[in-house]
Amino acid sequence: MEQYLLEMKNIHKRFPGVYALKGVNLCVRPGEVHAILGENGAGKSTLINILGGILQKDEGEIWINGRNEEIHGVLDARNYGINIIHQELVLVPYLTVAENIFINREETKHGLVDFAGMRRKAQRFIDELGLEIDAGQKIDALTVAQQQMVEIVKAVSFQARIIVMDEPTSSLSDKEITALFGCIKTLKARGIGIIYITHRLNELSEIADTITVLRDGASIITKPYREITNDEIVKYMVGREVTNYYTRTSHPIGEVALSVKNLSSAKVHGLNFEVRRGEILGFAGIVGAGRTEAMKAIVGLDEKTDGQIEINGKPIVIRRPADAYRLGIGYIPESRREEGIFPEQSVGFNMVIKVLDQFIKGVHLNKAKETEIIQRYIRELSVKTPSVDSFIKNLSGGNQQKVVISSWLASAPGILIMDEPTRGIDVGAKAEIYALMNDLAAHGIAIIMISSELPEIINMADRVMVMKDGRITKELLHDQLTQEEIMKYAVDI
Amino acid sequence: MENVTNQAGKALKGENSNISGFFKVIGKWIARYGAQLCFLAILFLVLAFSTTTFFTAKNLINVMRQVSINVFVACAMTMILIAGGIDLSIGAVMATTGMVAAYMSLAGIPFFLCVLAGLAVGTIAGLVNGIIIANTNMQPFIVTYSTQIILRGMVYVITAAGTVRLTSEAFLNFGGGSLGPIPWPILYMIVVIVFSVLILNRSKLGRHIYAIGGNPKAAEYSGINIKKVKIFIYTLSGTLAALSGLVLTSRNSSMQPSVGTGLEMDAIAAVVLGGTSMAGGQGAIAGTIIGAFIIGFINNGLNLMQMDSFWQYIVKGIVILIAVYMDFVKSKKLQKGK
């Protein structure tokens, strides 16, 4: 029997409120490319963070070179020869390639940093991998693909035995991808095991030896790639349990509220869609497909390079979020804490910040009216808070989200854009948010919902636009909605 | 009959709730500013017992007169710090406005025109700060530091580092005179405080100031016009710095080119002593006023004790540090409790 480089056995990890990994098994042989596939939230990041020592597992065993080891931190992982190349590269832009490779273990000569020696050594590592990079160049002069290569060189210079690559091709051109695959083949030949995380199924035939599909925090299947088809892989990826089911009531759908024609920005290209009053339009796709960027272009946070927007059939211009606000477009951002709330302010402050006009004229403040507005939304959305003066940051995620939603409702928007409206919210509160969205649609508000949870989007949306690489790849009507259909257009098969 | 008693009862109740409301406000103040008020009281008692000159009507009015100059600019500085910015230019704005008004007065131009011109100059200086900060990504620290240097340089160039004497009776009265027993600057101070409290607590603008300091991104997403808010607060800061500069010039009966040097730091210290966070999003005028009085008492007290002026710097620095530390310890406890 062949020796495994790495065996992760029955790994469990719990976060407050989330059971992220429920018994994952993963084995990697020397010189093997082991692809890990799974939807957003399947547990891929948690798994590699445990392997890299960033998170600690709750249960399970990790065997490295046939020995049961504990990985307590990033340094441990490195000592065991594990290196992770994150999607967001972490090189210092103003230092040279050589300085980055030897960062925090600089070579010295007579007590001073030996730049020339470091550069020579770095160049040797680069040349051995057959790459064309000058070790003396500054990182910010390199392309993303080259920076990725530097990360690989760095990993190799640490005597890495296992290299984890997290969606390495997501921002590379075809030519660069070919170069990367060439480099991966060199690493394979040296007996290095590679864990390769990707959403692009069409890459698998090029490089994958083995695949493992994760779903809902468990490893569903591990198979040699030649024994499985991409269609089968998709089926395994999407067989997610449909939890916290919510049934929408049906109601008539009205006129077109928002119409987007040929919208382009630096991140999205030629988007065409419309959303009607009383309709929930879903935006599906993998993380990074450009869904949030599409909304940012609409509300004027990202600059539009082309396209037109019409509201109620009238062409309008939105240059900044204040314009969108005036036109009745509400935008509930995905990262609540960073972009949605005023954390150091009270629940009441957060609720009325967008509708100050309703109770302040000049310096005349109608306190009774303000209290009335706050009390109404606390009641209607059943916001659980000790008092209206409590800091919003002390509320649960679900209640914070309710406050953000109510702050928009108070301004009576015609169009409400909700980016991942139930992210980080517990199951009970999720159902409440769904009921609320259903209610708003029934009252004639046009809702755009971005969601990475397929069951959620299938349950809630009347129609779904699927995005990939900054473009809309498919429009699916409610009765066409299945997880397989969506995934088919969201990833490259 | 029944009706009457009912009404009387209502009136009584109304009065009661007014009184309890009053105590609630006082209670809130003590809860929030306990550390500062304690410190102020200790300072007051120490000075009252260690000197014979401190606790006299004449001296206390004098302290208020000095404090007023800091309060003008500290009120605007409170808004700026809450909005997450800073204004280092105010000391130099004071000198510039004082110079313009003094020269105009010297040329025989009526006093009220001199004052208006001075206020206009300060307002324009603040407006320039505001426009630059609102429209670029440059740090307010460096923008206002640059304007400070430029204005101070201009003052030295134009005055040739010389003093401009004031002779206009009306102008001297502007900062040095009084209405009945109350000096004019104290009246100006009350107006500025009322204005600032109304802006911060009662207006849309005030909420927007807290919002953009608390989370600029969320503020932008909420449709708040951030540029407008920033331009307003820096402009207001310029106007109030001009007021300070005019009062100072009038009280000194002359304009020295070095006037106002370092006063921006006194203003910032007053604001921070009053519990306003330099990280933005939190703070209030009430705290700033307490902070300004702490600094005023320190300055006045050290003078009365006839402490060597170089030593005064050292003591003042230490005392401010202790006061800020007391508030820091207390707010940390508050944060945990809430």
Side-chain angles (χ1 to χ4, degrees), chain A residues 295-296 299-301 318 320-346 348-367 370 386-387 389-394 404 407-408 410-411 413 417 419, chain B residues 21 24-25 27-28 31-32 81-84 134-135 191 193-230 275-285 331-332 334-338:
Chain A
M295 300 311 145
K296 289 197 166 173
V299 301
L301 280 160
I318 299 174
R320 54 190 74 87
D323 298 337
Y325 166 81
R326 219 176 31 251
L327 291 160
I329 304 177
Y331 177 55
I332 297 173
E334 143 187 52
S335 37
R336 193 164 39 245
R337 210 181 165 82
E338 289 75 31
E339 304 176 336
I341 61 170
F342 300 96
E344 305 284 340
Q345 302 290 351
S346 70
F349 180 100
N350 274 278
M351 269 189 174
V352 298
I353 187 70
K354 298 175 185 75
V355 294
L356 301 175
D357 278 327
Q358 293 180 14
F359 59 91
I360 299 180
K361 302 270 179 286
V363 292
H364 180 262
L365 184 149
N366 185 342
K367 190 79 195 161
E370 181 183 6
S387 94
D389 296 324
S390 307
F391 288 144
I392 189 170
K393 64 177 178 185
N394 294 339
V404 175
S407 75
W408 278 110
S411 75
I417 300 171
D419 196 347
Chain B
K24 241 189 207 163
V25 170
K28 238 177 166 176
R32 175 63 195 87
L81 289 194
I82 292 173
N135 288 294
V191 172
I193 290 171
V194 169
F195 175 77
S196 304
V197 168
L198 284 178
I199 290 284
L200 265 183
N201 294 0
R202 309 290 298 261
S203 78
K204 266 172 68 175
L205 191 67
R207 303 271 179 120
H208 288 173
I209 289 170
Y210 283 99
I212 71 174
N215 187 347
K217 267 208 170 140
E220 192 181 5
Y221 289 22
S222 299
I224 292 171
N225 191 337
I226 295 176
K227 284 186 186 180
K228 222 169 79 184
V229 177
K230 284 188 176 168
T276 293
S277 154
M278 284 194 82
Q282 285 164 304
I285 296 289
S331 7
K332 224 165 86 178
L334 261 182
Q335 289 265 335
K336 272 184 193 159
K338 202 152 186 179

Problem - Region of A:Pro386 that comes under 4.5 Å of a non-hydrogen atom in chain B - result: neither

Handout entry: A:Leu301 vs B:Tyr221 side-chain heavy atoms within contact, under 4.5 Å
Key = yes

Problem - Choice from B:Ser277, B:Gly214, B:Ser222 maximising heavy atom contacts with chain A below 4.5 Å - result: B:Ser222

Practice task
Over all heavy atoms of both residues, which pair between B:Ser203 and A:Val363 is shortest? Give the atoms and the distance, please.
Solution key: CB-CG1, 4.3 Å

Practice task
Name the member of B:Ala219, B:Gly206, B:Gly213 that forms the most heavy-atom pairs with chain A at distances under 4.5 Å.
Solution key: B:Ala219

Exercise for the section: Using a 4.5 Å cut-off on heavy atoms from C-beta on, say whether the side chain of A:Lys354 contacts that of B:Ile224. Expected result: no

Handout entry: A:Lys361 NZ: over 12 foreign heavy atoms closer than 6.0 Å
Key = yes

Fill in the blank from the handout: Bottom line for A:Val352: the part with an atom under 4.5 Å from chain B's heavy atoms is side chain

Exercise for the section: Answer whether the closest heavy-atom distance between the side chains of A:Leu365 and B:Arg207 falls below 4.5 Å. Expected result: yes

Exercise for the section: Indicate the atoms forming the closest heavy-atom contact of B:Gly223 with A:Ala322, along with that distance. Expected result: O-CB, 3.6 Å

Exercise for the section: Specify which of A:Tyr325, A:Tyr331, A:Phe342 makes the most heavy-atom pairs with chain B at under 4.5 Å. Expected result: A:Phe342

Fill in the blank from the handout: Interatomic distance, CG@B:Asn215 vs CD1@A:Ile392, rounded to 0.5 Å, equals 10.5 Å

Handout entry: Engaged part of A:Asp357 at the chain B interface, taking heavy atoms whose separation is under 4.5 Å
Key = both

Exercise for the section: Mind telling me whether A:Phe349 and B:Tyr210 have parallel, tilted or perpendicular rings, with 30° and 60° as the class edges? Expected result: perpendicular

Exercise for the section: State whether the side chain of A:Gln345 and the backbone N or O of B:Gly281 hold a donor-acceptor pair below 3.5 Å, judged by distance alone. Expected result: yes

Handout entry: For chain A, the option from B:Lys204, B:His208, B:Glu220, B:Lys217 that forms the most heavy-atom pairs under 4.5 Å
Key = B:Lys204

